[in-house]
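Below, read A as the first sequence line, B as the second, and so on, with proteins coming before strands; counting in each chain starts at 1. In this text the structure is predicted, and so the values were computed from the model without any measurement.
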Protein chains: 2
Amino acid sequence: MARPKNKKVENVKPVRDAEATQAVILMSAEEEFAQHGFTAARTETIAAKTGVAKSMIYYYFKDKEGLYREVLKRSHADLIQTLQKLELEHLSPDTALEIFLRALLDCVSRNPKLPTIMFHEAVQNQGKYYQHSDSVSIDTTLIKILEQGVTAGVFRQLDPFQSAINVMGTCLFYFIGAGNIQQFPQDKRLLSKAMLEQHTHEAISLILAGVRQV
Amino acid sequence: MARPKNKKVENVKPVRDAEATQAVILMSAEEEFAQHGFTAARTETIAAKTGVAKSMIYYYFKDKEGLYREVLKRSHADLIQTLQKLELEHLSPDTALEIFLRALLDCVSRNPKLPTIMFHEAVQNQGKYYQHSDSVSIDTTLIKILEQGVTAGVFRQLDPFQSAINVMGTCLFYFIGAGNIQQFPQDKRLLSKAMLEQHTHEAISLILAGVRQV
DNA sequence: GTCTATACGAGGATAGAC
DNA sequence: GTCTATCCTCGTATAGAC
């Protein structure tokens, strides 16, 4: 059976599309790093899931660390940007908090791997691949909101620093446990659209009720 | 300067105390596994921090996995036991919740490495080293308390399952971030006694206020 | 029980053909 | 740009002396 000439129907692999190749590597790498962290991640596993040769990783990203840095950068980009353009200054603390939380939860719902990536980076590498701007500034924003709420009297007497951490925990821990608890029947997977929306709602309710002055 | 005879002051190492050797290995291993998880942990690093030879790990624990299992078991023992003997059945849901939370936070404050060990196990290994009894039962207890509180009307309308996860997050996330955020001046280390007590207080306050019916 | 030395496999990285 | 084949370091695990 003859094929149309000038068309490689069989042997689809050598597409020679640089962008596409990088994209699949990055996607596979994000998954691997999210589950295992930098050290325990295997370049071979990353390559295997893409279909492209392992050496492509080194061609495009120099080495494992280069790939890791790129994954870290891209994973955080969306979150950083979203939170930066929030304009919370002129809002009341409780509205600001709700908007902040909704934005945060939207981001991580879109990219559920982000919390585990952050976690591995924080625990394993003590955050050494983070620029001082990144996740630090996230917490700073939240601390400020809480501080203003306390002084304004709309939030109860809480420690802004400690509470900021706990609030983040309420939002993000869900995604850390997700991998472990997801062996559930039906459409109760923790990362299904319905469950993610519910988590967003539940987390925001819990936090707002938790900080409010009674 | 002569030393008392029959006393090895110099060359302290060959003590030949089996229990002591195992103990130092386990302590060092717990630290290493807490930071890096099973795969990324290095037996050489574990041994180096103890002063005993690397081969002692294999002598006492067969292999890296055997050591890991033992660390896992011991780390969880305290928590499992403490929560099992709580007797929460005859208490009102809000009192039960507070007691449960205080017990949980006491345990993890005594052993701050536990949350990161759990985390690594959940994310990296998808909980495969867990028996079905362990951390699952922790959450089950919490879910039951929340359910009873909702039906009794003392808690607001919340989803017990989702809220249980979020409550755990409020308590435990602190310890996950601790390694990363601890570069703080003075006695503001996140794992200092004062800060741990404050965290216990802040977390309980946030949760109780967050679930209560208004 | 403890150590040193070493075997062996896994995994990161490179060379060179196509 | 992509692949295959190979190198070599690092890390687990064992052998054997003390």
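- Taking side-chain N and O atoms only, B:Tyr59 has no distance below 4.0 Å to OP1 or OP2 of D:dT14.
- In this entry the distance linking CD1 of B:Ile57 with P of C:dG1 reads 17 Å, nearest Å.
- Between B:Tyr129 and B:Tyr68, the ring planes are perpendicular. Angles over 60° get that label, and only those under 30° would be called parallel.
- Summarising the geometry, the separation between CZ on B:Phe61 and C1' on D:dT12 is reported as 16 Å, rounded to the nearest angstrom.
- Closest approach of A:Phe175 to A:Leu191, counting heavy atoms only: CD2-CD2, 4.1 Å.
- The heavy-atom pair separating A:Ala164 from A:Leu142 by the smallest distance is O-CD2, 3.5 Å.
- The side-chain heavy atoms of B:Leu26 and B:Leu67, taken from C-beta on, include a pair separated by under 4.5 Å.
- Going from atom CG of A:Leu67 over to atom C1' of C:dG11 covers 15 Å, rounded to whole Å.
- With sequence neighbours excluded, the residues that form a side chain to side chain contact (heavy atoms under 4.5 Å, CB included) with A:Thr200 are A:Arg102, A:Leu105, A:Ser109, A:Ile204.
- Rounded to an integer number of Å, the gap from A:Asp17 CG to D:dT2 C1' is 13 Å.
- No donor-acceptor pair under 3.5 Å is formed between the side chain of A:Lys64 and the backbone N or O of A:Ile57.
- Between B:Met56 atom CE and D:dT12 atom C1' there is a gap of 15 Å when expressed in whole angstrom units.
- The environment of CD in A:Glu44 is sparse: at most 12 heavy-atom neighbours from other residues, nucleotides or ligands sit within 6.0 Å.
- Between the side chains of A:Gln198 and B:Asp159, at least one donor N or O sits under 3.5 Å from an acceptor N or O.
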Nucleotide-resolved protein contact map, nucleotides 12-18 of chain C, B/S/- at heavy-atom distance under 4.0 Å: BBBB---
Secondary structure of DNA chain D in dot-bracket form (Watson-Crick or G-U wobble, distances below 3.5 Å, | marking inter-strand pairs): ||||||||||||||||||
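- The residues B:Glu70 and B:Lys73 are annotated as salt-bridged, a charged nitrogen and a carboxylate oxygen being separated by less than 4.0 angstrom.
- Heavy atoms of A:Ala53 sit under 4.0 angstrom from at least one base atom.
- A straight line from CD of B:Gln22 to P of C:dG1 spans 8 Å, rounded to a whole angstrom.
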